[in-house]
Amino acid sequence: LARQGADITKITSRQIASAAGMGKATIYDYFSTKEEIIFAALAWSMSQQAAEFARAMDTIQDFQAKMYAIYGGIIHRVADTGSIFHLLIQISDGRKQGYFADSDACGPIHSQLKEFIQILYAVLSSGYKQGVLKTDVSQPQNTDYVRMVFISTVFAVASRAGDKQHPQPSQTIIENAYKMLVKALG
């Protein structure tokens, strides 16, 4: 439904059931709330993407190439309005507006986000081991700083990729984000 442009904060149980090819009552045999259905679907999709992401990172040895692939993936997902990236933003905005009140249903998404974070820390650790980064990401005293720097580069990439008024080539966005990361952690 999201890939078809539906706003997940406004999706009804009936729409979900119809898209799944079953009756509304049947979906409640498996899930208690609409939020539980949405979050389970997102968690499953995130699990698939995390596995794909981990495999991709395993095939790339060079730290710079890994980061370029990560930033390139972010740019691709910013352009895809049905991507997990956009859905998580909708959920965040929806929670602020009172949608998705069932916070227990968020559990699977938090688990998948932790999996992505572990993969990202492994990538950043490879940068330290290759001598590109000087900040040891495995040290607990560096955790918050490293997280803040990485998140800053992710938001910079997403922001620049989505900027229609001042567009930049994807390669320029990726190169600038990488420079920012290396300067802050190098």
Side-chain angles (χ1 to χ4, degrees), residues 2-3 8 35-80 82-95 100 102-162 170 173-186:
R3 291 207 185 278
I8 62 171
E35 290 87 357
E36 214 176 272
I37 299 165
I38 292 169
F39 292 145
L42 284 172
W44 180 85
S45 183
M46 288 172 73
S47 171
Q48 300 302 305
Q49 287 186 22
E52 180 183 318
F53 180 54
R55 281 191 301 275
M57 290 298 107
D58 286 344
T59 64
I60 302 170
Q61 299 305 312
D62 179 65
F63 174 69
Q64 181 178 354
K66 286 183 186 221
M67 293 309 304
Y68 275 42
I70 290 169
Y71 294 142
I74 292 166
I75 290 171
H76 172 73
R77 281 165 179 74
V78 166
D80 178 2
S83 73
I84 294 297
F85 181 79
H86 279 279
L87 297 177
L88 290 173
I89 290 171
Q90 281 185 23
I91 287 171
S92 177
D93 290 345
R95 289 188 71 150
F100 306 119
D102 184 1
S103 61
D104 292 338
C106 293
I109 291 176
H110 291 288
S111 296
Q112 292 307 317
L113 287 174
K114 285 180 185 177
E115 189 173 338
F116 273 106
I117 290 168
Q118 287 175 332
I119 297 166
L120 292 170
Y121 272 110
V123 169
L124 293 171
S125 181
S126 75
Y128 177 74
K129 289 175 185 169
Q130 291 177 20
V132 177
L133 304 179
K134 305 298 181 229
T135 304
D136 185 353
V137 300
S138 68
Q139 296 299 311
Q141 70 268 21
N142 296 333
T143 302
D144 283 342
Y145 177 69
V146 169
R147 183 179 298 139
M148 289 171 68
V149 168
F150 182 73
I151 289 171
S152 296
T153 65
V154 167
F155 278 110
V157 168
S159 171
R160 295 303 297 141
S170 295
I173 296 169
I174 291 167
E175 289 169 0
N176 286 339
Y178 181 75
K179 286 180 202 173
M180 187 170 124
L181 180 79
V182 171
K183 185 167 185 151
L185 299 179

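Both backbone and side-chain heavy atoms feed into the values below; hydrogens, waters and symmetry mates do not.
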Who pairs with [X] by side-chain contact (heavy atoms from CB on, under 4.5 Å), at least two apart in sequence or on another chain?
X: Ser125; answer: Lys129, Val137
X: Thr143; answer: Tyr121, Arg147
X: Ala54; answer: Ile119

Rounded to the nearest 0.5 Å, what's the gap from [atom1] on [X] to [atom2] on [Y]? Could you check?
X: Tyr71; Y: Leu181; atom1: OH; atom2: CG; result: 4.0 Å
X: Ile70; Y: Leu120; atom1: CD1; atom2: CG; result: 5.0 Å
X: Arg160; Y: Asn176; atom1: CZ; atom2: CG; result: 8.5 Å
X: Ile174; Y: Met67; atom1: CD1; atom2: CE; result: 10.5 Å

Closest non-hydrogen atom pair between [X] and [Y], with its separation:
X: Ala177; Y: Thr153; answer: O-CG2, 3.8 Å
X: Ile60; Y: Ala65; answer: CG2-CB, 3.5 Å
X: Ala156; Y: Met180; answer: CB-CE, 4.5 Å
X: Leu133; Y: Val182; answer: CD2-CA, 4.1 Å
X: Ala69; Y: Met57; answer: CB-CE, 4.0 Å

If we only count heavy atoms from C-beta on, is the Thr135 to Tyr128 side-chain gap below 4.5 Å?
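Of all side-chain heavy-atom pairs linking Tyr128 with Thr135, none is under 4.5 Å.
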Side chain to side chain donor-acceptor pair (under 3.5 Å) with [X]: which residues, sequence neighbours excluded?
X: Gln139; value: Asp136
X: Tyr178; value: none
X: Glu175; value: Gln171

Qualifying residues under ring-ring contact (aromatic ring centres under 6.0 Å, His included), relative to Phe53, sequence neighbours excluded:
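With sequence neighbours excluded, Phe53 shows a ring-ring contact (aromatic ring centres under 6.0 Å, His included) to Phe116, given in chain and number order.
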Any residue meeting ring-ring contact (aromatic ring centres under 6.0 Å, His included) with Phe150, in chain and number order, not counting sequence neighbours:
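Phe150 satisfies ring-ring contact (aromatic ring centres under 6.0 Å, His included) with no residue once adjacent residues are dropped.
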Restricting to pairs with a member in residues 54-68, which pass side-chain hydrogen bond (donor to acceptor under 3.5 Å, both in side chains), not counting sequence neighbours?
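Passing the test, one end in residues 54-68: Gln64-Tyr68.
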Can you tell me if Tyr145 uses its side chain to pair, donor with acceptor, with the backbone of Leu185 under 3.5 Å?
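Not confirmed, Tyr145 side chain does not pair with Leu185 backbone.
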